[in-house]
Amino acid sequence: MPVLGRLSPYATRDELVAHVAEAARQIRIQDLKLVHHAGAGHIGGDFSAIDVLATLYGAVLNVTPETVDDPERDRFFLSKGHVAGALYTTLAAFGFLPVEQLATFLKPLSKLNGHPNRNYVPGVEANTGPLGHGLPIAVGHALSAKLDVSRRRTYVLVGDGELQEGSNWEAMMAASQHELDSLTVIVDRNRLQQGATTRETNDLDPLDQKAAAFGFAVVEVNGHDHGELLDVLSAVPFRPGKPTFVIAHTHKGHPISFMSNNVAWHHKVPNADQLTLALEELSLDQPQEEGSDA
């Protein structure tokens with residue numbers, strides 16, 4: 001996988017969108033190989049989240065491999081920590097860790113565990129894995145930024161199934177109470193969780209109205225459209241004094257034909273034939289036109 005890095009600050013929007021789209025494609029290719037080689041992983045959730053991750057690290061977050069310890073860096077938290085493979089591959093694509101280290105994923109004594117560990121991996125802000133923890137941690141960091149009178153921003157990616165955990169809603173009440181408009185919560189709204197749909201398990205709808213009732217400014221986007229993601233994630237906050245809640249509509253396993261929107265791929269591992277087919281599909285994948293149906 002090539003190390004793509006960031007474009008010049010003077011890059012046009014079209015250049016940024018194309019850059020992020022190619023980064024997402026390369027990250028998916030590498031992530032497929034990662035999970036296949038390790039014999040474990042959460043490829044479905046990885047693929048629903050990769051476009052968000054590529055947009056954040058490729059064009060939005062004010063953090064680089066050189067500034068991972070800068071107190072004024074932006075913070076990103078992967079609350080759905082089981083998709084660590086997608087995060088590691090994204091970090092490698094943008095130079096935060098060596099690409100060759102990805103081959104150690106889930107191996108004995110590897111630093112690339114099944115859930116991210118901030119003591120091992122540059123760019124990881126918190127150990128996450130137990131669902132419902134990442135958003136509360138992010139709220140604490142956003143509150144810290146406000147107390148510091150800092151311009152740093154905090155982003156957190158949560159799974160929609162994860163929002164069934166009450167700790168998230170307690171944290172959202174606190175974020176609203178403290179007017180943490182530097183906080184952006186992004187929901188990977190793929191409507192699937194382990195073994196079933198979110199509706200069958202514990203229905204979240206109307207999610208937009210619930211988040212608004214908790215004091216958030218709510219925006220909905222196509223979570224696989226890099227242009228939409230770039231426009232929204234780089235423009236927050238949308239309401240002064242209100243944290244932002246971005247509902248990113250995604251498909252688990254996107255864009256692989258036999259994986260997309262298939263609950264069986266929550267943590268299924270592609271065999272050799274499936275790996276070959278998926279890589280062929282990604283080799284034909286082209287950046288989509290803005291506004292197209294992803």
Side-chain angles (χ1 to χ4, degrees), residues 1 4 20-58 76 78-94 102 105-106 112 114-116 131 157-162 186-198 221-226 228-229 246-288 292-294:
M1 181 181 66
L4 300 166
V20 169
E22 177 59 15
R25 189 178 74 89
Q26 294 290 345
I27 291 166
R28 282 189 170 94
I29 289 171
Q30 185 63 45
D31 192 50
L32 269 169
K33 297 176 181 177
L34 184 88
V35 172
H36 175 75
H37 180 68
H42 291 79
I43 195 73
D46 284 4
F47 274 32
S48 66
I50 281 172
D51 293 308
V52 172
L53 294 173
T55 303
L56 285 169
Y57 281 93
F76 170 72
L78 181 68
S79 192
K80 48 179 294 182
H82 55 283
V83 300
L87 178 60
Y88 298 149
T89 311
T90 301
L91 290 171
F94 294 106
L102 295 175
F105 179 57
L106 299 182
L112 304 186
H115 296 87
L131 298 177
L157 179 65
V158 304
D160 50 1
E162 179 182 8
I186 308 162
V187 183
D188 184 0
R189 187 71 167 117
N190 61 39
R191 299 180 182 272
L192 294 175
Q193 57 193 103
Q194 182 171 334
T197 66
T198 53
V221 298
N222 178 342
H224 299 304
D225 186 305
H226 306 104
E228 282 191 35
L229 287 167
V246 179
I247 301 174
H249 294 284
T250 62
H251 296 286
K252 208 156 201 165
H254 175 85
I256 306 304
S257 59
F258 57 89
M259 291 184 186
S260 185
N261 205 35
N262 185 342
V263 71
W265 285 95
H266 180 79
H267 51 60
K268 187 175 179 179
V269 177
N271 61 33
D273 290 340
Q274 291 167 331
L275 174 66
T276 298
L277 179 56
L279 290 174
E280 287 176 354
E281 292 186 13
L282 288 172
S283 71
L284 298 173
D285 188 35
Q286 298 295 324
Q288 303 209 8
S292 66
D293 183 7

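Below, all heavy atoms of this structure are taken into account, side chains as well, without hydrogens, waters or symmetry copies.
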Are any non-hydrogen side-chain atoms of [X] and [Y] less than 4.5 angstrom apart?
X: Leu229; Y: Val52; value: yes
X: Thr198; Y: Leu192; value: no
X: Asn222; Y: His249; value: no
X: Leu277; Y: Asp273; value: no
X: Arg191; Y: His251; value: no
X: Glu281; Y: Ser257; value: yes
X: Phe94; Y: Ile27; value: yes
X: Phe258; Y: Gln274; value: yes

Could you pull out the closest heavy-atom pair between [X] and [Y], with the gap in Å?
X: Thr89; Y: Met1; result: O-CE, 3.5 Å
X: Leu131; Y: Ser79; result: CD2-O, 4.0 Å
X: Glu228; Y: Val221; result: OE1-CA, 3.5 Å
X: Ala24; Y: Ile50; result: O-CG2, 3.8 Å
X: Ser283; Y: Arg25; result: CA-NH1, 3.9 Å
X: Val20; Y: His226; result: CG1-CD2, 3.6 Å

Aromatic contact between His82 and His266, with the criterion being ring centroids under 6.0 Å apart: yes or no?
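Aromatic pair counts; centres sit under 6.0 Å.
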Criterion side-chain contact (heavy atoms from CB on, under 4.5 Å) on Phe47 and Arg28, from CA distance to verdict
CA-CA 7 Å; Phe47 274 32; Arg28 282 189 170 94; 3.7 Å; yes
Quick one: does Ser260's side chain have a donor or acceptor within less than 3.5 Å of a partner on Ile256's backbone?
no
Any donor-acceptor N/O pair, Arg189 side chain to Thr250 backbone, under 3.5 Å:
no
Could you go through Glu22 and Gln26, starting from their C-alpha distance and side-chain angles, then the distance that decides it, and tell me whether this counts as side chain to side chain donor-acceptor pair (under 3.5 Å)?
CA-CA 6 Å; Glu22 177 59 15; Gln26 294 290 345; 2.8 Å; yes
Might you work through the side-chain contact (heavy atoms from CB on, under 4.5 Å) test for Leu34 and Leu106, ending with a clear yes or no?
CA-CA 10 Å; Leu34 184 88; Leu106 299 182; over 6 Å; no
Just to verify, which of Leu112, Asp46, Leu78, Asp31 counts as forming a side chain to side chain contact (heavy atoms under 4.5 Å, CB included) with Leu87?
Leu78
Atom CG in Leu56, atom CG in Leu157: separation rounded to 0.5 Å?
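Rounded to the nearest 0.5 Å, the CG-CG separation comes to 8.0 Å.
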Distance from His254 atom NE2 to Asn262 atom CG, nearest 0.5 Å?
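Going from the NE2 atom of His254 to the CG atom of Asn262 covers 15.0 Å.
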Verdict with reasoning, Asp51 to His224, per side chain to side chain donor-acceptor pair (under 3.5 Å):
CA-CA 6 Å; Asp51 293 308; His224 299 304; 2.7 Å; yes
Among Asp160, Asn261, Asp188, find the residue that satisfies the side-chain hydrogen bond (donor to acceptor under 3.5 Å, both in side chains) test when tested with Ser48.
Asp188
Is there a side-chain contact (heavy atoms from CB on, under 4.5 Å) between His42 and Val35? Walk through the geometry before answering.
CA-CA 8 Å; His42 291 79; Val35 172; over 6 Å; no
side-chain contact (heavy atoms from CB on, under 4.5 Å) assessment of Leu32 paired with Ile43:
CA-CA 7 Å; Leu32 269 169; Ile43 195 73; 4.2 Å; yes
